[in-house]
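A note on names: the letters A, B, ... follow the listed sequences, proteins ahead of strands, and every chain is numbered from 1.
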2 protein chains.
Amino acid sequence: MNKKSMNLKEFSELLGLSQTTVSRALNGYPEVRESTRLKVLDAARAHNYTPNARAKRLATGKAMTIGHVLPVSKKHEMVNPIFADFIAGAGEIYSDNGFDLLLSVVDDVSEEASYRKLVSRGAVDGLIVHGPKVNDSRIALLRELGVPFVVHGRSTEIDTDYCWVDVNNKRAFQRVTEFLLDLGHRRIALLNGLADMDFATRRGAGYVAALESRDVAVDPALMFHEEMTENFGYETARRLLSGDNAPTAFVASSIIPGIGIRRAISDAGLTMGRDVSVVIHDDALSYFSNDGDEPAFTAVRSSVRQAGRHVAQALIDRIATPDAPVHQEMLEAVLTVGRSTGQAPALRQVLDQGK
Amino acid sequence: MNKKSMNLKEFSELLGLSQTTVSRALNGYPEVRESTRLKVLDAARAHNYTPNARAKRLATGKAMTIGHVLPVSKKHEMVNPIFADFIAGAGEIYSDNGFDLLLSVVDDVSEEASYRKLVSRGAVDGLIVHGPKVNDSRIALLRELGVPFVVHGRSTEIDTDYCWVDVNNKRAFQRVTEFLLDLGHRRIALLNGLADMDFATRRGAGYVAALESRDVAVDPALMFHEEMTENFGYETARRLLSGDNAPTAFVASSIIPGIGIRRAISDAGLTMGRDVSVVIHDDALSYFSNDGDEPAFTAVRSSVRQAGRHVAQALIDRIATPDAPVHQEMLEAVLTVGRSTGQAPALRQVLDQGK
DNA sequence: TTGAAAGCGCTACCAT
DNA sequence: ATGGTAGCGCTTTCAA
């Protein structure tokens, strides 16, 4: 049953050609007569011959593989859903360029060791860095290892040059906050990611900038930096809503605490979009959870997928041309807003103009 | 900068041992003196020597890699969030067993070709089949290719033996529907996945079984089989809620249409958990969206991750022992219910007993 | 335009 | 318990 596939030696003998010529024909070298190439290509299809990837990788010294490291915590059984979309976008680009995608799932404590091993084993030609911290040690590590890499996001306190692709988190959060201020909100809670995460810092800066520009006092009691779990959203919102001087609006850094916030609002007998405004932001996107015009959740994720494409392309380019100028790209944050507020079109307009 | 790592030849010369002995020591062969092994292991650590994976794979004829194919549609920019958790769970097991995870992202039309190529290139030792249809052609294909594989889910109309790991979708949906019936609901809408998906068929069967066992007529106008998009949930719920004889409860097959349903309910000026009950089911789990007792969303995903572990382990076992008896495992569906209905504890009890 | 043959870095068989 | 060496299946000089 297990039909052992044929190898180059057998295949070339079958054609009455040398392995060299067949290899050349298959790999698009120019010095092969066109008629020969066609013959080889046809025969390959007919006999279902595919060069063995393992041999190819050894011979060329390239893995033709990009590594993504996904650190998971034993404690929090939770993966950011954003990850799936990002990977999907990146994977599209890899497929188009003949690269494989190696996904390494590791305990978050052994992340650095994982990068090290991936490189020294020669399993990958390049790596993607996910979720950079404000000062991320992985950047120095990968530089030291001499492996091409691209960061999805940035690491603000690192001052060496490195490739990154990021969205304008600060501006996105500034706009969202301004929008809520325009609606008349004065007490706006911010449920942000951990303070050492770069994206969280930038988002927080946008939130603060918006408040300050309108002379609204920044209340530290409304700003939270925690791991983005559902419970974080639920407990925080519940506490705030049942206390004095409750906020009238929430901005959440991810859909996961956002779900918790929704529960808390519902539990409090309040109605979202009427009694309380909620904006949930996920990489590259903000939206109102009760949007009526378009599928907000879908839009979020589609946008993340696009980011994945950009990052992957940047890395492939870097692998092909190691000495190319450092790639640093800023993606515009896409914002989708709902009509339930009655003012969404205005924001949309503002954003389009802001483009 | 790019320190080209040393190879076995150099490393063994450095030690004054043969490549053979070093290789044996590194790979745990018994015929090496323990003192020699320690010496080798220490030196490897000291000189940072890691055997080249590309050479190893060629020499052993094994890829030590498991393939997951993720078909994405160009039309629907959406990946089921479940996928990330499943992958995370599987990846844990792979890491523990020295396997790499190769994720192949392909356009959904070229899915079969992707499996074919992965195998004939020799890039993987085994494959996971995601999202099986009622009669899935991939099972015959992989059998023909002679590659070990495990299906996450089942393919009901296939009667040959193959490995699968599935949750009890029928029972889960039957229970959920019974629960809503117990609450007094008589018009319960079911927003299910596409009719050719195996999980959707089983879930539909559970829903129908519950209604029939209580002598509640099954209304075809309340059953929907579509792709699980946010818009599907939104438009369907909106239409139903604004029409005559609107349902008082919804059961959704995935969180994605579930988000749409929530929007529609909110838009209609209704409150979830009070005016309308909603149960959203995702692989292996059901929950009420306004659960107050525990983080439902997190529980869903944690459960999916567990499924990923089971599937991965089954495949690894199969690769190690191809002639082992066919692995077929049924995971119990975990159900989480919220207190907002006031009757959740009763259901929880029922479920616990049902175990 | 084609071919012969030397690697790529490791494993595993056969000796010792 | 250790070593020599022939592959694994391909790419890539170097020759013709």
Notebook entry, point to check: Please, which pairs that meet salt bridge (Lys or Arg N to Asp or Glu O under 4.0 Å) have at least one residue in residues 35-50 of chain B, sequence neighbours excluded?
Noted result: B/E34-B/R37, B/D42-B/R45
Margin query: Please enumerate all residues that pass salt bridge (charged side-chain N to carboxylate O under 4.0 Å, His left out) together with A/D100, with sequence neighbours excluded.
Written below: A/R57, B/R121
Checklist line | Residues within residues 24-47 of chain B bordering DNA chain D, heavy-atom distance below 4.0 Å | finding: B/R24, B/E31, B/V32, B/R33, B/T36
Note to self: I need the minimum non-hydrogen distance between A/A314 and A/V150, along with the two atoms involved.
What the structure shows: C-CG2, 4.0 Å
Check: With sequence neighbours left out, what residues match B/R138 under salt bridge (charged side-chain N to carboxylate O under 4.0 Å, His left out)?
Finding: B/E111, B/D136
Checklist line | Non-neighbouring partners of B/N52 that pass side chain to side chain contact (heavy atoms under 4.5 Å, CB included), sequence neighbours left out | finding: B/R54, B/A55
Check: What residues form a side chain to side chain contact (heavy atoms under 4.5 Å, CB included) with B/S137, not counting sequence neighbours?
Finding: B/E112
Item checked: For A/N48, side chain to side chain contact (heavy atoms under 4.5 Å, CB included) partners two or more places apart -> none
Checklist line | Terminal helix-axis angle for the helix from C/dT1-D/dA16 to C/dT16-D/dA1, with five pairs defining each axis and rounding to 10 degrees | finding: 30°
Note to self: I'd like to check the ring pair (Phe, Tyr, Trp, His ring centres under 6.0 Å) partners of B/H130; sequence neighbours left out, ordered by chain and number.
What the structure shows: B/H68, B/F83, B/F86
Item checked: Residues touching DNA chain D, which here means a heavy atom under 4.0 Å, drawn from residues 55-62 of chain B -> B/L58, B/A59
Checklist line | Flag side-chain contact, heavy atom, 4.5 Å: A/R154 against A/Y162 | finding: yes
Next item on the list: Examine distances only and state if a side-chain atom of B/T60 and a backbone atom of B/K56 form a donor-acceptor pair shorter than 3.5 Å.
Entry: yes
Next item on the list: For A/S155 and A/V134, indicate whether the former's side chain and the latter's backbone hold a donor-acceptor pair under 3.5 Å.
Entry: yes
Notebook entry, point to check: What's the verdict on side chain to side chain contact (heavy atoms under 4.5 Å, CB included) for B/V119 and B/L127, showing C-alpha distance, side-chain angles and the deciding distance?
Noted result: CA-CA 9 Å; B/V119 173; B/L127 287 160; 3.8 Å; yes
Notebook entry, point to check: If you walk 5' to 3' along DNA chain C, what is the first nucleotide with an atom under 4.0 Å of a heavy atom in chain A, and what is the last?
Noted result: C/dT1 to C/dG9
Notebook entry, point to check: Where does the chain A footprint on DNA chain D start and end, counting 5' to 3' with a 4.0 Å heavy-atom cut-off?
Noted result: D/dG9 to D/dC14
